[in-house]
2 protein chains.
Amino acid sequence: MGKRQELAEAATDHALEHGLIGLSLRPLAAAIGTSDRMLIYHFGSKDELVDAVLDVSNERSIAVIRSTPAADSVEAAVTALWDVFSSGQLQRCQRMYVEAAALGLFGREPYATSVRRSNDVWLAAIADHLRASGASESAAPRLASLVDATFNGLMLDGPLEDDAVARAVVQDLASAIAG
Amino acid sequence: MGKRQELAEAATDHALEHGLIGLSLRPLAAAIGTSDRMLIYHFGSKDELVDAVLDVSNERSIAVIRSTPAADSVEAAVTALWDVFSSGQLQRCQRMYVEAAALGLFGREPYATSVRRSNDVWLAAIADHLRASGASESAAPRLASLVDATFNGLMLDGPLEDDAVARAVVQDLASAIAG
DNA sequence: CCATCAACGTAGCAGGTGCTACAGTTTTAT
DNA sequence: ATAAAACTGTAGCACCTGCTACGTTGATGG
């Protein structure tokens, strides 16, 4: 594995744990055993570093979705998706995605572009999963957008609400969709 | 109106337009016709300034919801809420709320505390509105959480998606809830 | 054996950050 | 009129930011 990719993975791990918003080169470099000098050397600029980190995180997210077995109903798929969404690796990746999307809310680069790029493939992966779980070909994309929006919204208020509350909301959404 | 409140309103206007994440005292002060020196004098610290800005914005949001007439069905209420949510003053306030929530995602103060505080009264206002539009007493809070999460999620991807797409997703949600 | 080039350390630059010290001026209350 | 309080301009401090200039390694390939 090239040094650049190695650093991108390590930087992603660090950003997933400490957040993307306050990210700065020197503390990041110290945490992953290198220097700001080296980060700029390998990535060219902080923006390209961030781009790489967002790409790595997005790839990890997609991998989790693709390896989640399909459910036997859309309702079951939605609740199952929330389980993988709200814990483990995917939860951290999505939390960082929310940060990136917030940073891009006012058009700031490189966040806006990177978020746009990753959102497309992400929604497609969700739609595929819903199709495999019984959603109709035509309904899947809009269903994916709805589920994605709701999950991201719950993620935003994640530190606020009880896990049980979020679970109940997801259950409401799942049965509303099915009903 | 005291000078402090006056500055808080002006700072809120500026933050609503330029974002909360990159906010710094000197450019803000210059834009609203004062100096960083004065902002610190009147607010004590940047954190307290941010607190005040978030409070003003939240109050404006609540005022909009409270002045929105009730609909004659929950389904109609949800789509009508999205209309006021996705345009005008409320859209900007919610966009900034999303920024604040993202800033608080990793527990950073004063954002985490301020977001928690405003979210309570905000959800209560949504629930009240849904009750007035025919939602049952018991279902209203969870419905409010669901609607709020979905709207915030759509707001996050607002710059990405077409307005029509978001509208369709909201329509799906509304009819799913009603059905 | 030597040249080449990627990899890296040290030091530093220019600009921005929140915030403060000091010295006033204006307004208010008595 | 006088004392107190509220307000404000000017400079500047200590720190952080992304990034760069310069010099040094260490491995590789002809």
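First the proteins, then the strands, lettered A, B, ... as listed; each starts at 1.
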(request) Ignoring hydrogens and angles, state whether a donor on the side chain of N58(A) or W122(A) is under 3.5 Å from an acceptor on the partner side chain. (result) no
(message) Would you say H42(A) places a side-chain N or O within less than 4.0 Å of OP1 or OP2 belonging to dC8(C)?
(response) yes
Nearest whole angstrom, please: distance from the [atom2] of [N] to the [atom1] of [X].
{"X": "I40(B)", "N": "dC7(D)", "atom1": "CD1", "atom2": "C1'", "value": "15 Å"}
{"X": "M38(B)", "N": "dT8(D)", "atom1": "CE", "atom2": "C1'", "value": "4 Å"}
{"X": "L49(B)", "N": "dC19(C)", "atom1": "CG", "atom2": "P", "value": "9 Å"}
{"X": "K46(A)", "N": "dT20(D)", "atom1": "NZ", "atom2": "P", "value": "15 Å"}
{"X": "E6(B)", "N": "dC7(D)", "atom1": "CD", "atom2": "P", "value": "11 Å"}
{"X": "F43(A)", "N": "dC19(D)", "atom1": "CZ", "atom2": "P", "value": "13 Å"}
{"X": "R37(B)", "N": "dG24(C)", "atom1": "CZ", "atom2": "C1'", "value": "11 Å"}
{"X": "Y41(A)", "N": "dC5(C)", "atom1": "OH", "atom2": "C1'", "value": "8 Å"}

(message) For a quick check of understanding: with a heavy-atom distance under 4.0 Å over all strands, which category does L23(B) fall into, base, sugar-phosphate or nothing?
(response) sugar-phosphate
(message) Once you apply a heavy-atom cut-off of 4.0 Å, does T34(B) come out as touching a base, just sugar-phosphate, or nothing?
(response) nothing
(request) Look at E9(A) together with R60(A) and state whether they make a salt bridge at an N to O cut-off of under 4.0 Å. (result) yes
(request) State plainly whether the residues D83(A) and R167(A) are in salt-bridge range, i.e. N to O under 4.0 Å. (result) yes
(message) Any heavy-atom pair between the side chains of L28(B) and L49(B) that's under 4.5 Å?
(response) yes
(message) Does D163(B) have more than 12 heavy atoms from other residues, nucleotides or ligands lying within 6.0 Å of its CG?
(response) no
(message) From the set dT17(C), dC19(C), dG18(D), return the single nucleotide nearest to any side-chain atom of L25(A).
(response) dG18(D)
(request) Report yes or no: is there a donor-acceptor pair, N or O only, under 3.5 Å between the side chain of R26(B) and the base of dG18(C)? (result) yes
(request) Using heavy atoms to find the nearest nucleotide of DNA chain D for D36(B) and K3(B) separately, return the residue whose nucleotide is more 5′. (result) K3(B)
